[in-house]
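A short worksheet on the structure shown next.
Proteins get letters first, then strands, A, B, ... in listed order; numbering begins at 1 in each. Just the heavy atoms: all of them, side chains too, but no hydrogens, waters or symmetry mates, feed the values below.
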Amino acid sequence: MNYWLMKTEPDVFSIDDLKAAGKEPWDGVRNYQARNLMRDEMKIGDPIFIYHSRVKPMGIVGEARVASEPYPDPTQFNPDEKYFDPKSDPENPRWVLVDVEYVRHYPKTLELSMLKQVPELDGMMLLAKGSRLSIQPVSEAHWNHIQSMIGD
DNA sequence: GCCAACGTTGGC
DNA sequence: GCCAACGTTGGC
């Protein structure tokens with residue numbers, strides 16, 4: 001089992017939206033590293049931290065899980081879509097996604113500023129300077145420590 | 001809203 | 001295949 005963190009801008013799609021939807025295709029990822037993680041590493045049932053970026057407060061707001069095998073992101077073939085990619089060949093799609101299923105909100109946002117002060121989380125990709133990857137692997141130790149901060 | 005850090009693109 | 005120019009991300 002692998003653990004993950006997925007960033008989202010709540011103005012665009014928040015954890016509340018995910019809760020309302022129940023399950024959501026995580027479309028619009030246009031970064032090869034992030035794509036490769038979805039395509040090659042994610043397994044159904046893998047737990048995911050949902051992270052809200054570019055808002056106050058920024059931080060981990062809850063939990064989801066991987067709910068499908070990887071499959072082609074349909075938005076890449078739709079010219080009306082923001083994420084349309086004219087270079088993607090339907091015979092060999094460039095972009096894939098997985099479905100993400102809501103699990104729970106955490107009782108309090110685990111704020112970025114707070115996480116940075118936790119020695120046990122040293123080395124976490126989220127906390128590295130300049131780390132912009134929107135889908136990140138999380139080590140089991142870091143996952144478990146954050147669970148303990150929630151009170152589990 | 002600014003801008004540093006990154007990723008991608010395309011001319012050569 | 002290098003790398004300058006450009007676009008984007010996302011914390012501040």
- Query: When all nucleic acid strands are considered with a 4.0 Å heavy-atom cut-off, which category describes A:K56: base, sugar-phosphate, or nothing?
  - Reply: nothing
- Query: Does a donor on one side chain sit under 3.5 Å from an acceptor on the other, for A:Q147 and A:Y106?
  - Reply: yes
- Task: Scan side-chain atoms only and decide if A:R132 and A:S53 contain a donor-acceptor pair under the 3.5 Å cut-off.
- Result: no
- Query: Does A:H52 use its side chain to pair, donor to acceptor, with the backbone of A:I15 at less than 3.5 Å?
  - Reply: yes
- For residues A:V96 and A:P70, report the shortest heavy-atom separation together with the two atoms involved. CG2-CB, 4.4 Å
- Item | Nearest-nucleotide 5' precedence on DNA chain B, A:K87 against A:N31 | A:N31
- Any donor-acceptor pair under 3.5 Å linking the side chain of A:Q117 with the backbone of A:M114? no
- Task: Using a strict cut-off of less than 4.0 Å between a Lys/Arg side-chain nitrogen and an Asp/Glu carboxylate oxygen, indicate whether A:K23 and A:E101 qualify as a salt bridge.
- Result: no
- Note on the structure: Outer limits of DNA chain B sitting under 4.0 Å from a non-hydrogen atom of chain A, read 5' to 3', are B:dA5 to B:dG10
- Message: Please determine whether a side-chain nitrogen of the Lys or Arg among A:D85 and A:R94 lies less than 4.0 Å from a carboxylate oxygen of the Asp or Glu.
- Response: yes
- All side chain to side chain contact (heavy atoms under 4.5 Å, CB included) counterparts of A:Y71, not counting sequence neighbours: A:P25, A:S68, A:L97, A:D99
- Message: What does the 5'-to-3' dot-bracket notation of DNA chain B look like when only Watson-Crick and G-U wobble pairs under 3.5 Å count, and pairs to other strands show as |?
- Response: ||||||||||||
